[in-house]
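First the structure, in the form of structure tokens, and then the observations on it.
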Amino acid sequence: MLMNRSARRSAADRSLRLAGIVAGFLLLSACGGGDPPSAHQNGSEESQSSRAPFLRDVTAVSGIDFVHRVTADGRYRLPEVLGAGCAIFDANGDGALDLYFIDTGDAPEAGAANRLFLRQPDGTYVDATESSGLGDTGFGIGVAVADIDNDGDQDVFVGNWGEDRLYRNDGAGVFTDITAAAGLGGSLLTSSVGFLDFDRDGFLDLFVLHYTVPDPHQACRGKGDGREYCSPQAYRHCPDTVYRNRGDGTFEDVSLATGVGEVAAAGLGLGVMDFDGDGWPDVYVANDQVANQLWINQHDGTFRNEAMAHGVAYNGQAVAESSMGVVVADLNQDGRPDILCSHIAGETNTLYLSDGATAFVDATDITTPGRPSFGLTGWGMAFLDIEHDGDLDLIVANGAVDRRAGHAVGSGGTDWSGYAEPNQLFVNAGSPAFSESAALGGDFCSAVEVSRGVATGDLDGDGDVDVVVTNIAGPARVYENVAPKVGHWLRVRAVDPALSRAAIGATVVVADAGRRYSATVGAASSYLSTSDGAAHFGLPADAAPSELDVRWPSGEWERFPLAGIDRNVVVIRGTGKLPR
């Protein structure tokens with residue numbers, strides 16, 4: 001993340017249960033400045049001004065009234081400016097996606113309660129925080145969701161400044177705090193968190209990022225004479241933590257044993273994916289002003305940082321940037337994941353494209369998302385095929401960390417307007433080559449707030465991906481995807497009956513007419529937040545795939561027939577017709 005001090009700028013410038021899962025799933029059967037892309041898939045030459053906006057703010061009508069609370073009382077405690085994340089997941093097993101928001105408060109010992117909202121049949125949400133048991137009052141920052149005990153429902157890990165929390169889902173959306181019993185907790189400043197089965201034993205482990213050790217007595221200056229939030233270089237950095245799930249409801253800290261705990265950095269965003277194509281999950285960590293890390297799984301319970309060898313430790317000018325968010329996806333349909341990191345104003349958001357093997361190339365300058373981001377500070381991001389034309393578009397949540405001239409944080413943290421920035425939408429015009437469009441972003445781009453977390457999922461069950469954004473000291477926003485659709489969609493859940501849960505880390509591949517589309521189930525990425533874990537595909541108008549392939553986390557491939565598209569599909573391991 002932080003901060004755009006002159007030294008950094010000059011450096012940058014120089015360079016349920018199983019049945020419940022299946023049944024529930026089947027119930028759902030600143031932008032501105034850039035020229036818009038043509039509607040390349042349907043041959044239209046419509047201009048930006050004549051196309052309907054893609055995202056509409058439905059927060060008020062949905063019943064979501066969450067407002068993030070944080071007290072900025074002039075001490076400029078670093079965690080205040082990190083914001084907090086959110087999660088989209090089915091909390092009560094009814095097949096609908098619910099929303100969980102992390103709140104912050106005053107200090108580690110006096111935080112504000114997180115809130116859970118359950119989706120109702122009429123499309124609205126009701127606050128179920130009290131009955132759910134998820135109203136954690138720590139100084140909340142990050143959140144991750146997954147089934148830790150293989151019982152078919154989703155459990156919740158909350159990363160705090162102070163003691164983290166693990167909540168076990170006991171069914172029907174009632175959660176129990178099992179932090180102490182599970183052997184978790186900690187006392188560091190936790191940022192993003194991801195679940196993965198790094199040892200492939202069938203139980204999901206935890207990869208927890210830590211930022212710095214804030215010192216409230218450390219004073220830093222901003223652009224003028226006033227105080228401002230310090231760079232992370234002003235504080236001691238922390239190693240990240242890896243917890244191995246023993247499978248009996250407890251976890252063990254294996255940070256040092258894995259090699260991850262030997263390196264101190266300033267982690268903010270992470271992406272979990274099989275980056276080298278060997279069938280084992282790896283982890284990419286976005287560090288603030290420190291070289292990013294690519295932890296490659298060694299298959300023996302250890303990781304090795306191979307970021308330098310793969311070309312993703314630094315940008316193309318060999319500069320360590322102020323990395324915050326991470327989003328990972330196969331942008332160019334070559335079967336390999338690509339990586340986008342969001343950065344501070346004065347740096348570009350950086351896109352690393354896979355070379356088709358195991359290395360990456362900084363392709364920021366040739367794919368457009370970099371240059372328009374130079375004057376903004378990016379955080380949470382998401383790739384989604386917003387208009388279903390067969391390629392992935394990009395949304396970026398922005399918000400400054402240095403106040404604009406003439407602004408000051410008011411008493412009690414009531415005025416953060418000096419940090420507010422517009423969000424961005426980049427529409428993929430192919431290759432990939434993105435074009436920024438404020439008009440097509442609609443309400444998502446017209447809002448000027450201090451945005452941080454982004455999560456995505458098909459909230460209304462209409463087949464496209466909707467967006468949720470969190471803001472510092474402001475309301476969370478729910479954006480409905482109302483983009484005119486060019487083609488088709490497919491949403492896939494992959495379930496392993498031996499585990500009674502979704503197969504986190506499974507890769508789903510849809511092939512059609514020489515094109516290959518791939519997505520990973522439950523892949524953790526972005527900043528502080530968790531999106532719906534289904535593999536979602538937008539497909540061109542002429543697409544007519546008849547089957548899909550799944551590579552299970554074990555490395556085995558299985559082929560399943562498709563009885564049409566524009567639908568939700570559940571594939572169950574062992575029921576496919578043809579092994580690959």
Side-chain angles (χ1 to χ4, degrees), residues 1-2 78-79 82 85 108 138-139 141-144 157-166 179 182-196 198-199 204-215 218 230-246 250-273 275 281-298 300-310 312-314 320-326 341 524-525 527-528:
M1 147 188 150
L2 289 90
L78 189 58
L82 296 181
F139 193 103
I141 298 175
V143 60
F157 183 91
V158 177
N160 291 319
W161 179 23
E163 187 176 26
D164 299 328
R165 293 290 177 184
L166 178 64
T179 307
L184 302 176
S187 60
L188 297 174
L189 172 55
T190 294
S191 53
S192 296
V193 185
F195 281 101
L196 73 165
F198 79 85
D199 53 3
L204 295 174
D205 312 300
L206 270 165
F207 202 106
V208 181
L209 301 193
H210 302 298
Y211 189 41
T212 64
V213 180
D215 179 359
Q218 176 69 52
C230 291
S231 159
Q233 300 295 3
Y235 306 112
R236 180 166 62 87
H237 294 171
C238 303
D240 298 324
T241 302
V242 181
Y243 293 106
R244 179 181 175 272
N245 188 338
R246 293 191 178 102
T250 66
F251 291 77
E252 60 177 324
D253 186 337
V254 294
S255 307
L256 290 175
T258 60
V260 172
E262 297 177 354
V263 181
L268 285 177
L270 87 166
V272 177
M273 191 75 73
F275 286 100
D282 312 302
V283 180
Y284 184 75
V285 179
N287 291 311
D288 191 358
Q289 300 186 15
V290 182
N292 295 335
Q293 299 156 327
L294 179 57
W295 292 105
I296 297 296
N297 197 321
Q298 301 300 298
D300 59 359
T302 67
F303 291 90
R304 184 167 61 208
N305 181 17
E306 299 183 9
M308 282 286 288
H310 290 270
V312 291
Y314 305 100
E321 298 182 283
S322 300
S323 298
M324 279 91 87
V326 175
C341 292
S525 65
Y527 175 75
L528 308 184

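All values below come from the heavy atoms of this structure, side chains included, with hydrogens, waters and symmetry mates left out.
- With sequence neighbours left out, the side-chain contact (heavy atoms from CB on, under 4.5 Å) criterion links Ala264 to His237, Pro239.
- A donor and an acceptor atom, one from each side chain of Thr190 and Asp164, are located under 3.5 Å apart.
- With sequence neighbours excluded, the residues forming a salt bridge (Lys or Arg N to Asp or Glu O under 4.0 Å) with Asp199 are Arg244, listed by chain and number.
- Rounding to the nearest 0.5 angstrom, the gap separating the OG atom in Ser323 from the CG atom in Asn287 is 7.5 Å.
- We find the CG-CZ distance between Asp282 and Arg304 to be 11.0 Å, quoted to the nearest 0.5 Å.
- In terms of heavy-atom proximity, Leu189 sits nearest to Trp161 at CD1-CB, 3.7 Å.
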For Val283 and Leu270, what are the C-alpha separation, side-chain angles and deciding distance, and is it a side chain to side chain contact (heavy atoms under 4.5 Å, CB included)?
CA-CA 7 Å; Val283 180; Leu270 87 166; 4.2 Å; yes
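- Not a single salt bridge (Lys or Arg N to Asp or Glu O under 4.0 Å) links Arg236 to another residue, sequence neighbours left out.
- Annotation: side-chain contact (heavy atoms from CB on, under 4.5 Å) contacts of Leu184 (sequence neighbours excluded): Phe157, Leu166, Thr179, Ala182, Leu206, Tyr243, Phe251.
- Gln233 contributes a side-chain N or O that, together with a main-chain N or O of Gln289, makes up a donor-acceptor pair within less than 3.5 Å.
- For Leu528, the side-chain contact (heavy atoms from CB on, under 4.5 Å) partners at least two apart in sequence or on another chain are Ile141, Ser191, Ser192.
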Side chain to side chain contact (heavy atoms under 4.5 Å, CB included) evaluation trace for Tyr235 with Cys230
CA-CA 8 Å; Tyr235 306 112; Cys230 291; 3.4 Å; yes
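- Heavy atoms only, all atoms of each residue included: Leu196 and Pro281 are closest at CD1-CB, 4.0 Å.
- Contact between Tyr284 and Cys341 at its shortest, heavy atoms only, is CE2-SG, 3.6 Å.
- Not a single side chain to side chain donor-acceptor pair (under 3.5 Å) links Asn245 to another residue, sequence neighbours left out.
- Of the inter-residue distances, the one linking Leu78 atom CG with Tyr211 atom OH reads 5.0 Å to the nearest 0.5 angstrom.
- Taking all atoms of both residues into account, the shortest heavy-atom contact from Tyr527 to Gly325 is CB-CA, 4.0 Å.
- Not counting sequence neighbours, Asn305 has no partner by the side chain to side chain donor-acceptor pair (under 3.5 Å) test.
- The side chain to side chain donor-acceptor pair (under 3.5 Å) search around Ser187 returns none, not counting sequence neighbours.
- Looking at residues two or more places apart in sequence or on another chain, you find no side chain to side chain donor-acceptor pair (under 3.5 Å) involving Thr258.
- The two residues Pro232 and Asp288 make their nearest non-hydrogen contact at CG-OD2, 3.3 Å.
- Residues Val285 and Asp240 have side chains in contact (heavy-atom distance under 4.5 Å, counting atoms from C-beta outward).
- The nearest pair of heavy atoms linking Glu252 to Arg246 is CB-NH2, 3.2 Å.
- Atom CZ of Phe275 and atom CD1 of Ile296 lie 7.5 Å apart (nearest 0.5 Å).
- A donor-acceptor pair is defined here as one N or O able to donate and one able to accept, closer than 3.5 Å; no such pair exists between the side chain of Asn160 and the backbone of Gly162.
- Annotation: side chain of Val193 is not in contact with side chain of Val143 (no heavy-atom distance under 4.5 Å).
- By the ring pair (Phe, Tyr, Trp, His ring centres under 6.0 Å) test, Phe303 is found to be paired with Phe198, residues two or more places apart in sequence or in another chain being considered.
- Put simply, CG on Leu268 and CG on Leu82 are 6.5 Å apart, with the number rounded to the nearest 0.5 Å.
- Taking CD of Gln293 as the reference point, atom CG of Leu209 lies at 8.5 Å (rounded to 0.5 Å).
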